[in-house]
Amino acid sequence: MIRLIKGFHDILPEDTPKWDFLVRTAKATLEAFGYREIVPPIMERTELFARGIGELTDIVEKEMYTFEDKGGETLSLRPEATAGILRAVVEHALLRQDPILKLYAIGPMFRRERPSKGRFRQFFQVDAEVLGDDSPQTDAETILAAYCIMENIGAQGLMMEINSVGCPVCRATYREVLRNYLEPHLSVLCDDCRRRYERNPLRVLDCKVDRCVEIAAKAPLISNRLDESCREHFDAVKRSLELVGVPFREEPRMVRGLDYYTRTAFEIVHEELGRSKAVGGGGRYDNLIKELGGPEVSGIGFAIGLERLSMGIPDDDPRFARSIDVYVAPVGDNALNACFTVVNALRRAGLSCEARYTAKSLKSHMRAADRCGAQRVIMIGEDELARNEATVRDMTTKEQTPVKMDELVNFLLGEKR
RNA sequence: GAGGGCGUAGCUCAGUUGGCAGAGCACAGGGUUGUGGCCCCUGUGGCCGUGGGUUCGAGUCCCACCGCUCUCCCCA
């Protein structure tokens, strides 16, 4: 037996109704916000991710599926969606047609990490981006869109956490302030944080090691070091969120894993799973589009992990139950052809329809009908054939009605309405 | 990368001091000559992860390997 790749997973037929519900709800919500779908490929040149996400990030350094193809180019499976979307936007000059773009994409991402609960090597994300608008209301609206997806799906116990990581200017000054604070504690920090001190001291604030948390707790906060425009922007974002009633919590130590974020950063956190298992996250990026060869415009976006979102909602919701309009049961070999034509006619009339072309016992048929969630069963046996009829059973009320073959489609369509 | 747990029927798992391979669910048939869910009966279904070792005898003890899973780091 050949088994699936570690960290990958099959979505089985019993799970697809729920999965489909998540995807459809996310799409409908985003389209209600005016986003349009874009479908970039799942592979890009490695350089795109290195430039976009940052050479020094864990993702690019050690988690990408990278290989050389037969033509000698170095390609990577996408570890996140934003870089590919922006590449497409720049390549097709979409911002020239429309100075403000709102785009979303849904599909699998790939990161070669150690799998664990809620963490996969292939995982699906819903990803949304707004380009060309850096108003605080747009930040708030983006966070609202993420929140509405959750709300429409019915996820419980979720909280929006927000922070501002400043612009490159105020972040540079803050970085030095933070370094100065951390320096005397260097010997106490964990190995990782000592490395972070050199390369990206902001990440120390996000460390989960006890003694680092202690030190980080007393560290100066970037919220006190934002320059005037960043501060005003962040305050305006918070006011806008309050206007529309999005529940949020300021999290001054939140830092995101991707290098490109500026100003607003946010995460959607499950109260029970904690911050290490964010359901979604995102933020503003002021320089990324230019970095990828596009115009100097700002963007903001977020990603929601579908597997993690799925974990938060029950599997046994009646909406996810298997269901079909009609099951057609032949009783006796003579009924097989009659059933075959009936099924065909019903499907052409738009009814979902299941049949078994084996003249098993009626009891077996009924069990099969029940299993596939049939609303009605059409029984055709010797008695019915003799009268050119079929017997229609309503599986909920158990009511049975003899119906002439010619009238079957109309009868079922009429009953359905 | 570091550290735990677990591999027995399609699924979830029992399996005693080492002594005939088990249950529930699912599936098939029947109880009801043509009527589902609940109930009852019967049946199908196993390289006990793989390889070696100890033993008269190993699902059980020992060793190695493989696989899965969870935690940490990081993230969706």
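So you know, we letter chains A, B, ... as the sequences are listed, proteins then strands, and number each from 1.
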Say you pick atom [atom1] in [N] and the same atom in [M]; how far apart are they, in whole Å?
N     : M     : atom1 : value
B:A28 : B:U44 : C1'   : 7 Å
B:U60 : B:C6  : P     : 15 Å
B:G29 : B:C11 : P     : 22 Å
B:U16 : B:A21 : C1'   : 15 Å
B:U71 : B:U12 : C1'   : 23 Å
B:G43 : B:G59 : C1'   : 25 Å
B:G53 : B:C70 : P     : 35 Å
B:G19 : B:A58 : P     : 11 Å

Legend entry - Centroid-centroid under 6.0 Å between A:Phe8 and A:Phe120 rings: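 No.
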Between [atom2] of [N] and [atom1] of [X], the distance in whole Å:
X        : N     : atom1 : atom2 : result
A:Ile149 : B:A76 : CD1   : P     : 15 Å
A:Leu4   : B:U69 : CG    : C1'   : 13 Å
A:Asp10  : B:C68 : CG    : C1'   : 15 Å
A:Ile5   : B:G67 : CD1   : P     : 13 Å
A:Lys6   : B:U69 : NZ    : C1'   : 9 Å
A:Glu267 : B:A76 : CD    : C1'   : 9 Å
A:Met311 : B:C70 : CE    : C1'   : 13 Å
A:Lys117 : B:A76 : NZ    : C1'   : 15 Å

Legend entry - Pairing string, 5' to 3', for RNA chain B - Watson-Crick or wobble contacts under 3.5 Å, brackets [ ] where pairs cross, | to another strand: (((((((..((((.....[..)))).(((((.......))))).....(((((..]....))))))))))))....
Inset, instruction - Verify the distance criterion only: is there a donor paired with an acceptor across the side chains of A:Asp394 and A:Gln375 at less than 3.5 Å? - result: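 No, because no side-chain N or O of A:Asp394 sits under 3.5 Å from a partner of the opposite role on A:Gln375.
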Legend entry - Test item: A:Ile162 and A:Ile143 side chains (from C-beta on) under 4.5 Å apart, heavy atoms: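 Yes, their side chains come closer than 4.5 Å.
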Inset, instruction - Check whether any side-chain heavy atom of A:Lys290 lies under 4.5 Å from a side-chain heavy atom of A:Val297, and answer yes or no. - result: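 A side-chain contact under 4.5 Å is absent here.
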Non-neighbouring partners of [X] that pass side-chain contact (heavy atoms from CB on, under 4.5 Å), sequence neighbours left out:
X        : value
A:Val213 : none
A:Asp15  : A:Ile11, A:Leu12
A:Lys363 : A:Ser361, A:Arg367

Inset, instruction - For the side chain of A:Phe123, starting at C-beta, report the closest nucleotide among B:G67, B:C68, B:A76. - result: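 From the listed options, B:A76 comes nearest.
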Inset, instruction - Applying ring-ring contact (aromatic ring centres under 6.0 Å, His included), name anything that partners A:Phe340, two or more places apart in sequence or on another chain. - result: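 For A:Phe340, the residues satisfying ring-ring contact (aromatic ring centres under 6.0 Å, His included) (neighbours in sequence not counted) are A:Tyr357.
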Applying side-chain hydrogen bond (donor to acceptor under 3.5 Å, both in side chains), can you list everything that pairs with [X], at least two apart in sequence or on another chain?
X        : answer
A:Thr29  : A:Asn152
A:Ser116 : none
A:Arg179 : A:Glu176
A:Glu214 : none

If you look at every strand shown and take non-hydrogen atoms under 4.0 Å, does [X] touch a base, only sugar-phosphate, or nothing?
X        : value
A:Glu80  : nothing
A:Phe124 : nothing
A:Gly332 : nothing

Inset, instruction - Sequence neighbours left out, what pairs pass salt bridge (charged side-chain N to carboxylate O under 4.0 Å, His left out) with at least one residue falling in residues 124-139 of chain A? - result: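 The answer is A:Asp139-A:Arg284.
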Polar pairs (N or O, both sides) under 3.5 Å between protein and nucleotides 35-37 of chain B?
unit_1	atom_1	unit_2	atom_2	d
B:U35	O2	A:Arg393	NH1	2.9
B:U35	O2	A:Gln400	OE1	2.8
B:U35	N3	A:Gln400	OE1	2.6
B:U35	N3	A:Gln400	NE2	3.2
B:U35	O4	A:Gln400	NE2	2.9
B:G36	O2'	A:Asp370	OD2	3.4
B:G36	N7	A:Arg393	NH2	2.9
B:G36	O6	A:Arg393	NH2	3.0
B:G36	O6	A:Met395	O	3.3
B:G36	N1	A:Met395	O	2.5
B:G36	N2	A:Asp370	OD1	3.0
B:G36	N2	A:Met395	O	3.4
B:G36	N3	A:Asp370	OD1	3.2
B:G37	OP1	A:Arg367	NH1	3.4
B:G37	O4'	A:Asp370	OD2	3.0
B:G37	O6	A:Lys398	NZ	3.0

Inset, instruction - Starting from the 5' end of RNA chain B, give me the residue, A:Ser116 or A:Glu63, whose nearest nucleotide shows up first. - result: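 Between the two, 5'-proximity favours A:Ser116.
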Inset, instruction - Please state whether the phosphate of B:G30, meaning OP1 or OP2, lies under 4.0 angstrom from any side-chain nitrogen or oxygen of A:Ser361. - result: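 Result: yes.
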Polar atom pairs between nucleotides 4-7 of chain B and protein, under 3.5 Å, N or O only, would you list them?
none

Legend entry - Pair of N/O donor and acceptor under 3.5 Å linking B:A76 base with A:Glu113 side chain: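 In this structure, the two groups form a donor-acceptor pair.
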